[in-house]
Peer 1: 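Mind looking over this structure? Questions follow.
We count residues from 1, following the sequence as given.
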Amino acid sequence: MRKKVLTTPIKDDDLKDIKTGDLIYLTGTLVTCRDVAHRRLIEKGVPLPVDLKGNAIFHAGPIVRDNGNENYEIVSVGPTTSMRMEKFEKEFIAETGVKVIVGKGGMGKNTEEGCREHKALHVVFPAGNAVLAATKVERIKEVHWKDLGMPESLWVCEVKEFGPLIVSIDTEGSNVFEQNKVEFNKKKEEQYELISKQVGFIN
């Protein structure tokens with residue numbers, strides 16, 4: 001199977017054949033952006049100091065080494081739980097033009113609608129691989145909103161084949177986590193019935 005690499009700036013046509021469950025890799029600009037940055041833009045109306053149109057964000061709070069003279073180095077950058085940004089993401093996508101949102105775990109209806117209406121993806125980076133992720137960051141180009149502290153600052157990274165990234169929500173709004181919940185709940189009821197027959201103390 002051909003390796004799918006998205007290179008920023010990303011256009012709608014680049015995403016049209018990508019579906020949930022696909023594995024992709026990202027080359028170009030990836031900006032760490034999580035709770036407080038989302039709230040600052042959406043709730044307080046403070047414009048982002050970096051242009052995200054056609055680019056990608058990472059729900060992550062990195063550990064960064066300051067080498068002096070504005071020279072920074074990513075030591076570790078693992079994904080944080082994407083659902084924390086759910087209430088903001090649809091509006092965030094609309095306002096910024098971001099095309100790929102990288103995080104951990106699933107997101108809900110709000111993000112589904114944002115991805116469908118504005119042709120974006122939510123993708124999952126495997127948890128527990130923060131040091132591996134750091135090796136995919138070639139350099140930190142710049143940093144913004146340092147007043148928020150290291151985890152919440154906007155670290156503008158240049159990455160090469162960052163991944164693997166599993167597509168959880170595609171541009172049609174299809175959501176693999178929500179689909180799996182339905183299937184898993186069906187299996188749960190089946191297993192509950194089976195176990196209940198075999199173990200007398202379960203009511």
Peer 1: If you define the side chain from C-beta out and look only at heavy atoms, does anything of Arg39 sit under 4.5 Å from Phe88?
Peer 2: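 SC-SC contact between Arg39 and Phe88 confirmed.
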Peer 1: Among Asp14, Asp12, Asn55, find the one that has a side-chain hydrogen bond (donor to acceptor under 3.5 Å, both in side chains) with Lys99.
Peer 2: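 With Lys99 as partner, side-chain hydrogen bond (donor to acceptor under 3.5 Å, both in side chains) holds for just one option, Asp12.
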Peer 1: Restricting to non-hydrogen atoms, name the atom on Met150 and the atom on Ile63 that form the minimum distance, rounded to 0.1 Å.
Peer 2: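 Here Met150 and Ile63 meet closest at SD-CA, 3.7 Å.
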Peer 1: Quick check: closest heavy atoms across Leu15 and Ala120, and the distance to 0.1 Å?
Peer 2: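 Closest approach of Leu15 to Ala120: CD1-CA, 4.2 Å.
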Peer 1: Can you say whether the rings of Tyr72 and Trp155 are parallel (under 30°), tilted (30 to 60°) or perpendicular (over 60°)?
Peer 2: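 Plane angle over 60°, so perpendicular.
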Peer 1: Does any part of the side chain of Met107, heavy atoms only, come nearer than 4.5 Å to the side chain of Met85, both counted from C-beta?
Peer 2: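 The answer is yes, as the side chains (C-beta and beyond) meet within the 4.5 Å cut-off.
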Peer 1: Does a side-chain heavy-atom distance below 4.5 Å link Ile101 with His59?
Peer 2: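 When only atoms from C-beta onward are counted, His59 and Ile101 do touch, with a gap below 4.5 Å.
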Peer 1: Take atom NZ of Lys53 as the centre, draw a 6.0 Å sphere, and report whether it contains more than 12 heavy atoms from other residues, nucleotides or ligands.
Peer 2: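 Incorrect, the count does not exceed 12.
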Peer 1: Using salt bridge (charged side-chain N to carboxylate O under 4.0 Å, His left out) as the criterion, point out the one residue from Lys136, Lys4, Lys3 that pairs with Glu161.
Peer 2: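 The option that passes is Lys3.
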Peer 1: Any idea how Phe162 and Phe58 line up, ring-wise: parallel (<30°), tilted (30 to 60°), or perpendicular (>60°)?
Peer 2: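 Taking Phe58 first and then Phe162, their aromatic rings stand perpendicular (interplane angle over 60°).
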Peer 1: Should Asp66 and Lys146 count as an ion pair when the cut-off is N to O under 4.0 Å?
Peer 2: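 No, no charged N to carboxylate O under 4.0 Å.
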Peer 1: State, yes or no, whether a side-chain contact exists between Ile10 and Leu26 at a heavy-atom distance under 4.5 Å.
Peer 2: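 With C-beta onward as the side chain, the pair touches.
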Peer 1: Any chance NZ of Lys109 has more than 12 other-residue heavy atoms, nucleotides or ligands included, within less than 6.0 Å?
Peer 2: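 No, because the 6.0 Å sphere around NZ of Lys109 holds 12 heavy atoms or fewer from other groups.
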Peer 1: At their closest point, which heavy atom of Ala130 faces which heavy atom of Gly78, and how far apart are they?
Peer 2: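 Here Ala130 and Gly78 meet closest at CB-N, 3.3 Å.
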Peer 1: What I'd like to find out is whether the side chain of Leu121 reaches to under 4.5 Å of the side chain of Leu6, using heavy atoms alone.
Peer 2: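 Yes, their side chains come closer than 4.5 Å.
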Peer 1: Indicate whether any N or O donor in one side chain lies under 3.5 Å from an N or O acceptor in the other, for His122 and Glu112.
Peer 2: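 No - no donor-acceptor pair under 3.5 Å links their side chains.
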Peer 1: Decide yes or no on side-chain contact (heavy atoms from CB on, under 4.5 Å) for Glu95 and Lys90, but give the supporting numbers first.
Peer 2: CA-CA 9 Å; Glu95 289 201 23; Lys90 179 181 178 181; over 6 Å; no
Peer 1: Is it true that Thr29 and Lys141 share a donor-acceptor pair across their side chains at a distance under 3.5 Å?
Peer 2: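 Looking only at side-chain atoms, Thr29 and Lys141 do form a donor-acceptor pair, the distance falling under 3.5 Å.
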Peer 1: Would you say Thr96's side chain and Phe92's backbone share a donor-acceptor pair under 3.5 angstrom?
Peer 2: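 Here the side-chain-to-backbone pair exists.
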